[in-house]
Amino acid sequence: QSVVNRIAAGEVIQRPANAIKEMIENSIDAGATTIQVSVKNGGIKMLLIQDNGSGISKEDLPIVCERFTTSKLKSFDDLSSINTYGFRGEALASISHIAHVTITSRTKNDKCAYKASYSDGKLVSTQKSSGPPEPKPCAGNRGTQIQVEDLFYNMVTRRNALKNPADEYHRIVDVVSKYAVHNTGIGFTLKKFGESVVDVRTLPDSSDIENIGAVFGQAIAKELLCVSCENTKLGMKMNGYITNPNYSVKKFQFLLFINHRLVDSTSLRKAIDTVYSAYLPKNTHPFIYMSLEIAPLNVDVNVHPTKHEVHFLHEALIVETIQKSIEDKLLGCNE
Ligand code: ADP
Ligand code: MG
């Protein structure tokens with residue numbers, strides 16, 4: 001059974017960056033206004049995330065890593081929107097099957113924090129304690145700290161596949177950068193554990209365009225145009241920033257959020273690149289940040305959680321609508 005769980009968990013969490021994404025989403029869901037991430041050895045040795053959100057109560061700590069444990073399914077109606085991103089209540093469970101997880105958390109009602117360690121979904125005793133495992137009182141601020149150590153310690157092939165910590169760190173920087181831009185109202189930091197240099201930093205009160213400047217550089221931020229479009233019939237609304245037609249980057253930077261989840265859409269990516277190809281030098285691309293809201297029922301529920309690729313109802317029409325709004329914007333610039 002535990003091998004089956006482990007394999008299933010390895011499907012959900014394939015590398016440190018997936019685990020970070022899940023934990024960032026949890027911190028956002030918990031209403032955090034600061035999220036601090038630090039990692040050791042590309043996250044393979046350790047991922048540490050600290051937020052100032054609602055915290056997890058002492059009573060809930062023993063079960064948060066059990067499969068299908070979620071505090072977010074409030075009513076049956078929620079199912080449609082919750083299913084959108086699959087596997088609700090599976091992230092922490094999965095992580096605890098393939099790594100050593102320690103959670104320290106304090107809610108606003110508690111006088112101190114509580115600390116708990118997990119293995120294979122279950123609470124385990126920490127060193128030197130006798131009796132059944134239980135969360136241990138300790139010092140700590142309001143919010144939650146989750147430490148994930150030795151990812152895939154029990155899956156040799158998986159672990160060996162993560163042989164390049166620099167590459168894994170790069171993927172973490174990518175995920176944190178994108179969430180940091182999108183989530184105005186939350187200050188993010190990312191750094192390597194034990195180092196003082198911060199690789200990503202945003203402030204809780206800066207705008208999305210200020211976030212782009214802070215994370216991707218002022219050089220890009222000052223080239224941005226604002227775009228938006230809406231189609232109530234299709235149940236969609238888009239807001240974003242795109243680089244002007246006289247500016248380009250080597251690698252297509254596409255920050256796409258659908259209903260505040262980081263995703264990718266090949267059809268949208270291609271449609272946008274096509275519009276720009278009329279303006280940009282060969283083999284160069286735009287920088288695009290786009291927040292798309294689509295009625296949750298219209299987003300494909302069958303997409304595997306690790307595949308960022310997403311499909312949605314009326315995809316061709318929606319892509320066309322967005323493409324048109326970008327085309328118009330670029331045309332307007334060159335007039
Ligand atoms: P889900 O997010 O789908 O509910 P997870 O496995 O990601 O499932 O998390 C399980 C539960 O643990 C959440 O529903 C939430 O109650 C709790 N939780 C996880 N991370 C945090 C956090 N940073 N702050 C507060 N609660 C958290
Ligand atoms: Mg979650």
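Residue indices begin at 1 and follow the sequence shown. Each ligand, and each atom within it, is numbered from 1 in the order the structure gives.
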Does a side chain donor of either N52 or T33 reach within less than 3.5 Å of an acceptor in the other side chain?
->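 Their side chains do contain a donor-acceptor pair, which is all the 3.5 Å distance test asks for.
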
I want to know if ligand 1 touches [X] in the polar sense, i.e. an N/O pair below 3.5 angstrom.
X: L92; value: yes
X: V64; value: no
X: N26; value: yes

Determine the sole option in I146, L123, I56 for which the side chain to side chain contact (heavy atoms under 4.5 Å, CB included) test with V64 is passed.
-> I56

Backbone N/O of I186 and side chain of N183: donor-acceptor pair under 3.5 Å | no

Give, for atom CG of D29 and atom CD1 of I24, the distance between the pair rounded to the nearest 0.5 Å.
->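 Spacing of CG (D29) from CD1 (I24) equals 12.0 Å.
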
Should the pair E25-K21 be classified as a salt bridge under the 4.0 Å nitrogen-to-oxygen rule?
-> yes

Should the proximity of A30 to ligand 1, defined as any heavy atom under 4.0 Å, be assigned to the side chain, the backbone, both, or neither?
->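 Just the side chain.
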
Is ligand 1 under 4.0 Å from a heavy atom in the side chain of D51, in the backbone, in both, or in neither?
->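 Looking at D51 and ligand 1, just side chain atoms fall under 4.0 Å.
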
When the ring centroid of Y241 is compared with that of F287, is the distance short of 6.0 Å?
-> no

Is the Mg ion (ligand 2) less than 2.8 Å from at least one N/O/S atom of N26?
-> yes

Which atoms of ligand 1 sit under 4.0 Å from any heavy atom of I56?
->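 Those of ligand 1 that fall under 4.0 Å from I56 are 18 (N), 25 (C), 26 (N), 27 (C).
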
Close-contact set for ligand 1 against A91 heavy atoms, below 4.0 Å | 6 (O), 7 (O)

Tell me, please: is G53 in heavy-atom contact with ligand 1, that is, under 4.0 Å?
-> no

Joint hydrophobic cluster, V200 plus L48, side-chain heavy atoms closer than 4.5 Å | no

